[in-house]
Amino acid sequence: MKRRVALRLYAALTTAALAAATGAVVSMPSASAATGGATGYATQNGGTTGGAGGQTVRATTGTAIHQALCSRASSSTPIVIEVEGTINHANTAKVSGDSCNTAAGVIELKQISNVTIVGVGSGAVFDQLGIHIRQSSNIIIQNVTVKNVKKSGSPTSNGGDAIGMESDVRNVWVDHASLEASGGESEGFDGLFDMKDNTQYVTLSYSTLRNSGRGGLIGSSETELSNGFVTFHHNLYENLDSRTPLLRGGIAHIYNNYYVKLNESGINSRAGARAKVDNNYFKDSKDVLGTFYTDAAGYWQVSGNTFDNVTWSAPGAENNPAGPDPKSNTTVSIPYAYSLDAASCVPGIVAQTAGANKGLKVSDGNCSTQTPTPDPTDPTPDPTDPTPDPTDPTDPAGTNLSIGAGSDGTSKADGTSYGNVRDGDLSTYWSPAGATGSISVKWASATAVSSVNIREASGSAGSIGSWKVVNGDTGAVLTSGTGAGAITIPKTSLRKLTFEITGSTGTPKIAEFETYAG
């Protein structure tokens with residue numbers, strides 16, 4: 001059953017026309033929400049289901065993500081956006097429409113609801129490009145990497161936050177995400193996961209936050225206390241200076257996280273905030289819990305935590321560490337069900353489950369991992385299912401005409417071959433010697449072609465920028481656009497078809513240059 005469904009999805013992909021300016025936006029059958037279900041405070045206030053029950057589309061550029069949002073019937077029409085490739089400034093433009101409010105240089109989820117963004121295939125990387133959620137509700141972000149988002153220097157995006165929420169945001173679940181920077185504020189970075197201006201009912205689960213000065217905050221000042229009801233569980237916080245998180249007012253439930261190398265401070269409960277801190281593992285860190293850098297006290301309830309090589313500073317006027325022997329100074333009632341792993345096994349569980357491209361594995365609540373079972377009524381496959389072999393003779397899209405054909409092109413990088421693009425093997429690829437170049441498929445006699453599918457090698461998705469498809473017999477440009485994927489051309493009988501890369505980021509790698517008659 002899974003194979004047949006996958007083939008139907010592949011047929012839709014290979015026959016869909018791509019908008020030249022927006023990258024791939026491919027309609028799929030109706031789908032449920034991301035694998036598994038929301039946990040923690042995201043289950044409250046009516047729950048968080050994202051785009052469950054809505055249309056599924058595939059996007060390979062930031063512009064395509066915006067286009068998918070803007071193509072809905074309304075700003076609340078459910079939608080699941082499957083993202084593959086590298087999303088960056090070069091391929092993220094503003095798109096206008098009645099159902100969206102987008103901006104260039106950031107993934108803007110503004111004044112909308114009922115949306116899932118999930119990384120699929122070889123992965124989704126938001127490179128120097130932040131995700132901004134504003135005046136929105138019921139949002140799921142799953143299985144994505146967001147890295148090196150800057151608030152100063154160049155390029156800048158989203159105020160320097162990897163994922164930022166502000167202005168009346170409700171019900172957000174971020175799961176199996178990898179959030180990272182390459183330094184602190186002096187290097188141009190800000191927070192990895194920030195919430196402010198009345199953001200509530202949020203869960204961050206099975207994610208990694210690394211190599212930043214600031215992990216994230218809840219509330220932007222000591223008087224901005226409208227945020228809260230946030231759950232953090234089974235996350236890895238590694239090599240961070242502070243804010244894991246910084247909590248101003250509100251309630252946070254923090255359990256089964258692994259903290260390692262917190263350099264200055266960790267969970268910072270301030271301004272009346274209350275944090276329930278259960279069965280976490282803190283290692284090689286300083287001042288992992290308390291009220292820091294203010295005299296506006298916060299509070300905590302602690303149980304079952306492990307402190308492994310943790311140092312504590314002395315109390316002061318604006319420094320109230322919870323240790324060296326942390327005791328509870330409040331109580332917090334949690335309204336949802338949850339299971340606690342023992343703190344001793346948290347490092348191992350988190351290593352196996354947290355972050356993007358981990359197969360969406362989760363803890364079973366008893367120090368072992370499991371993969372959530374998708375809804376059995378879901379007509380679509382798990383979004384991480386591999387794409388079927390394009391040469392399968394039962395493929396409804398027809399035969400890949402490139403198999404058995406010839407090929408040539410411009411100069412190639414060392415260790416690559418023109419023939420790699422027509423061998424049906426996604427593990428081999430052709431790459432030009434520089435950032436631009438062309439690759440051709442050719443036949444002994446005239447062959448009718450009406451569609452092309454350019455498939456990038458694993459790890460290089462999103463590298464291809466602008467391109468042209470050229471009739472190699474006449475030199476006529478048949479179509480042009482940006483981003484790899486499925487391309488429709490006027491049906492043409494020819495002996496040579498050329499894909500010319502005219503712009504790229506990084507090194508483009510074409511695993512397959514597929515051609516189809518119809």
Side-chain angles (χ1 to χ4, degrees), residues 30-56 68-69 72-81 99-101 107-118 131-143 163-177 193-207 216 218-219 225-234 245 247 249-255 273-276 332-339 360 362 372-378:
S30 174
S32 70
T35 299
T39 54
Y41 273 114
T43 65
Q44 305 298 291
N45 191 44
T48 304
T49 56
Q55 184 186 37
T56 298
L69 296 171
R72 296 182 295 163
S74 74
S75 61
S76 61
T77 301
I79 190 169
V80 177
I81 304 173
S99 61
C100 64
N101 188 350
I107 297 302
E108 189 81 317
L109 307 181
K110 183 177 180 181
Q111 298 167 340
I112 62 174
S113 60
N114 308 326
V115 173
T116 294
I117 293 177
V118 56
I131 299 175
H132 188 199
I133 305 171
R134 186 171 184 174
Q135 295 172 276
S136 295
S137 63
N138 195 23
I139 306 294
I140 293 174
I141 299 172
Q142 189 173 50
N143 201 38
I163 296 178
M165 291 158 270
E166 63 179 303
S167 301
D168 304 320
V169 173
R170 292 290 185 276
N171 291 87
V172 176
W173 178 36
V174 177
D175 178 64
H176 285 90
F193 194 71
D194 277 14
M195 290 157 274
K196 56 189 177 182
D197 193 15
N198 196 25
T199 294
Q200 298 181 1
Y201 300 105
V202 175
T203 296
L204 177 67
S205 58
Y206 298 101
S207 295
I218 305 171
L225 307 178
S226 59
N227 311 277
F229 307 115
V230 183
T231 301
F232 302 86
H233 74 90
H234 293 95
L247 175 64
I251 293 174
H253 187 197
I254 302 169
Y255 71 92
R274 293 186 297 144
K276 184 170 173 59
V332 180
S333 177
I334 300 300
Y336 51 81
Y338 62 99
S339 298
L360 300 177
V362 299
T373 303
D375 181 350
T377 64
D378 184 358

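- Counting only distance, with no hydrogens or angles, the side chain of S136 and the backbone of Q111 share a donor-acceptor pair below 3.5 Å.
- The CD1 atom of I131 lies 5.0 Å from the CD1 atom of I163; values are rounded to the nearest 0.5 Å.
- The structure places CD1 of I79 at 12.0 Å from OG of S113, a figure rounded to the nearest 0.5 Å.
- In this model, no donor atom of one side chain and acceptor atom of the other lie less than 3.5 Å apart for S76 and N114.
- Side-chain contact check for I254 versus P245: some heavy-atom pair is nearer than 4.5 Å.
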Test side chain to side chain contact (heavy atoms under 4.5 Å, CB included) on I140 and V118 and set out the steps. CA-CA 8 Å; I140 293 174; V118 56; over 6 Å; no
Go through the steps to decide whether Y206 and V362 satisfy the test side chain to side chain contact (heavy atoms under 4.5 Å, CB included), and finish with yes or no. CA-CA 7 Å; Y206 298 101; V362 299; 3.5 Å; yes
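- Of the candidates L204, V172, V230, M195 forms a side-chain contact (heavy atoms from CB on, under 4.5 Å) with just one, namely V230.
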Stepwise side chain to side chain contact (heavy atoms under 4.5 Å, CB included) check, I133 with I141: CA-CA 11 Å; I133 305 171; I141 299 172; 3.9 Å; yes
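- Using cut-offs of 30° and 60° on the angle between ring planes, the pair F232 and F193 is perpendicular.
- Remark: the backbone N or O of N198 is paired with a side-chain donor or acceptor of S226 at under 3.5 angstrom.
- Judged as a side chain to side chain donor-acceptor pair (under 3.5 Å), and not counting sequence neighbours, the contacts of E166 are H132.
- The shortest distance between side-chain heavy atoms of R72 and I112 falls below 4.5 Å.
- Between T199 and K196, the shortest heavy-atom contact is OG1-O, 3.0 Å.
- Of the options H253, Q200, R170, a side-chain contact (heavy atoms from CB on, under 4.5 Å) to F229 is made by Q200 and by none of the others.
- N227 contributes no side-chain N or O that, together with a main-chain N or O of G249, makes up a donor-acceptor pair within less than 3.5 Å.
- For the pairing with N138, the side-chain hydrogen bond (donor to acceptor under 3.5 Å, both in side chains) check across T49, N45, N171 returns one residue only, T49.
- Atom-to-atom distance recorded for D197:CG and D168:CG is 6.0 Å, nearest 0.5 angstrom.
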Is there a side chain to side chain contact (heavy atoms under 4.5 Å, CB included) between R134 and N101? Walk through the geometry before answering. CA-CA 10 Å; R134 186 171 184 174; N101 188 350; over 6 Å; no
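- Using cut-offs of 30° and 60° on the angle between ring planes, the pair H233 and Y255 is parallel.
- Closest approach of P372 to G36, counting heavy atoms only: CB-CA, 3.7 Å.
- A side-chain donor-acceptor contact under 3.5 Å links S99 to the backbone of L69.
- With a 4.5 Å cut-off on side-chain heavy atoms, S205 and H234 do not count as touching.
- Of all heavy-atom pairs between P335 and S333, the closest is CD-O, 3.8 Å.
- Paired with I139 under the rule side-chain contact (heavy atoms from CB on, under 4.5 Å), one option of L109, T48, V202 passes, and it is L109.
- Between the side chain of T43 and the backbone N or O of Y41, no donor-acceptor pair lies under 3.5 Å.
- Counting only heavy atoms from C-beta outward, the side chains of T39 and W173 approach each other to under 4.5 Å.
- In the model, Y336 has a side-chain atom that pairs as donor or acceptor with a side-chain atom of T231 under 3.5 Å.
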